[in-house]
Amino acid sequence: MKKINLPSEMTSVSLHAIGELVTEQRALPDIADDEVLLKVESCGICGSDIGRVFKNGTYHFPTVIGHEFAGVVVHDNEDEWTGKRVSVFPLLPCFECDACKAQNYACCNNYNYYGSRCDGGFSQYLAVKKFNLVQLPDNVSYEEGAMCEPASVACHAVKKLSISDGERVLISGAGPIGIIAARWAISLGSKEVKFIENDPMKIKFARSLGFDIMSDGEKFDCAIEGTGASAPLAMILKAVKARGNIVLMGNPGSEITLSPKDYQQILRSELHLLGTWNSSYADFDNDWKDTLKAISESKLVISDLITHRVPLTMAHKALAMMRDKKEFFVKVVTDNEK
Ligand SMILES: [Zn+2]
Ligand SMILES: [Zn+2]
């Protein structure tokens, strides 16, 4: 068995209570037979981590947060994965429910999750199930591997639009997932993608990437609602052509309300509203493999969305910066080599 020299302790960023993020030394985790020991090289900070750390908490305390991560396998009892560079699908399915039996793992009703329900990627090392490992192509970086999670979520949503060549797509919310979704849409044949966005900095950034903002009265073939807010949804219902697909992706922060007139748009235009959740990790439809292939073949570019790279020990400061919106950011990732 290959044994890579390992330290006895590691640095982890763990949530001890709401708002109480602690950078601490921990013993390296033990690994089960179906797990490997991963040395985490990069972990993205997700918008959902801000809510998790400062408002909602994790399912129990303490929990190491971080569900967007990639690294190198430093120990595998069977040596199959040792030395391999990987990204990690963060959802741990139960494998027993109907959804799992259909390989529809995102809809599992009894799942575990790295970084929210169990320890995740804001750590130097983590025990990870072999089932969840996706090998990185040689020309895909660890940072891109960490961004494979949001890119797969965007991929999953865009696939549901069933875009035909030349279609125009509308997306609300020009955050990292919205921008990646726009790029997926273009790579899948869309002629033009426009955004609904209020934040002047996000508008400027989207424009710098060649994406404009929707004008009044414009019509689109299909749309992704990426904000989880009522007003952008109402705008989308008016802007999408009859029988168009609308994918609901944004997590609502509060009640979603529609006026009777806006609601009637769904009826009168016979709109197709589709939910999307997480990403597909099935043998027959794997958003993770599709994403890594597209990055590797330069059909999808995501690395230019990284605005901040911080060492793991500064992750808590980066989270506070994101909460307070002190600087403009798109994607913030840890670079554990720093
Ligand atoms: Zn996320
Ligand atoms: Zn299940």
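Excluded from the calculations below are hydrogen atoms, water molecules and symmetry mates; all remaining heavy atoms, backbone and side chain alike, are included. Whatever order the structure lists them in is the order used to number ligands and atoms, beginning at 1.
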Please report, to 0.1 Å, the donor-acceptor pairs under 3.5 Å made by any side chain of residues 98-110, with sequence neighbours excluded.
from	atom 1	to	atom 2	distance (Å)
K101	NZ	E96	O	3.3
Q103	OE1	D283	N	2.6
Q103	NE2	D283	OD2	3.2

For this session: Verify the distance criterion only: is there a donor paired with an acceptor across the side chains of Q124 and S12 at less than 3.5 Å?
Result: no
Exercise. Once rounded to 10°, what is the value of the angle centred on the Zn ion (ligand 1) between C46 SG and H67 NE2?
Worked result: 100°
For this session: Determine which of the N, O or S atoms in E68 is closest to the Zn ion (ligand 1) and give its atom name.
Result: OE2
Exercise. Would you call K293 and D290 a salt bridge, taking side-chain N to carboxylate O under 4.0 Å as the test?
Worked result: no
Exercise. According to the salt bridge (Lys or Arg N to Asp or Glu O under 4.0 Å) rule, which pairs have a member within residues 195-209, sequence neighbours left out?
Worked result: R207-D212
Exercise. Do K84 and D76 sit within salt-bridge range, that is, some charged N less than 4.0 Å from a carboxylate O?
Worked result: no
Exercise. Sorted by chain and residue number, which protein N/O/S atoms are under 2.8 Å from the Zn ion (ligand 2)?
Worked result: C94 SG, C97 SG, C100 SG, C108 SG
For residues 131-138, dump all side-chain donor-acceptor pairs below 3.5 Å to protein atoms at least two apart in sequence or in another chain.
from	atom 1	to	atom 2	distance (Å)
N132	ND2	F89	O	2.7
N132	ND2	L91	O	2.8

Problem set entry | NZ/NE/NH1/NH2 to OD/OE distance under 4.0 Å, E143 and R309 | yes
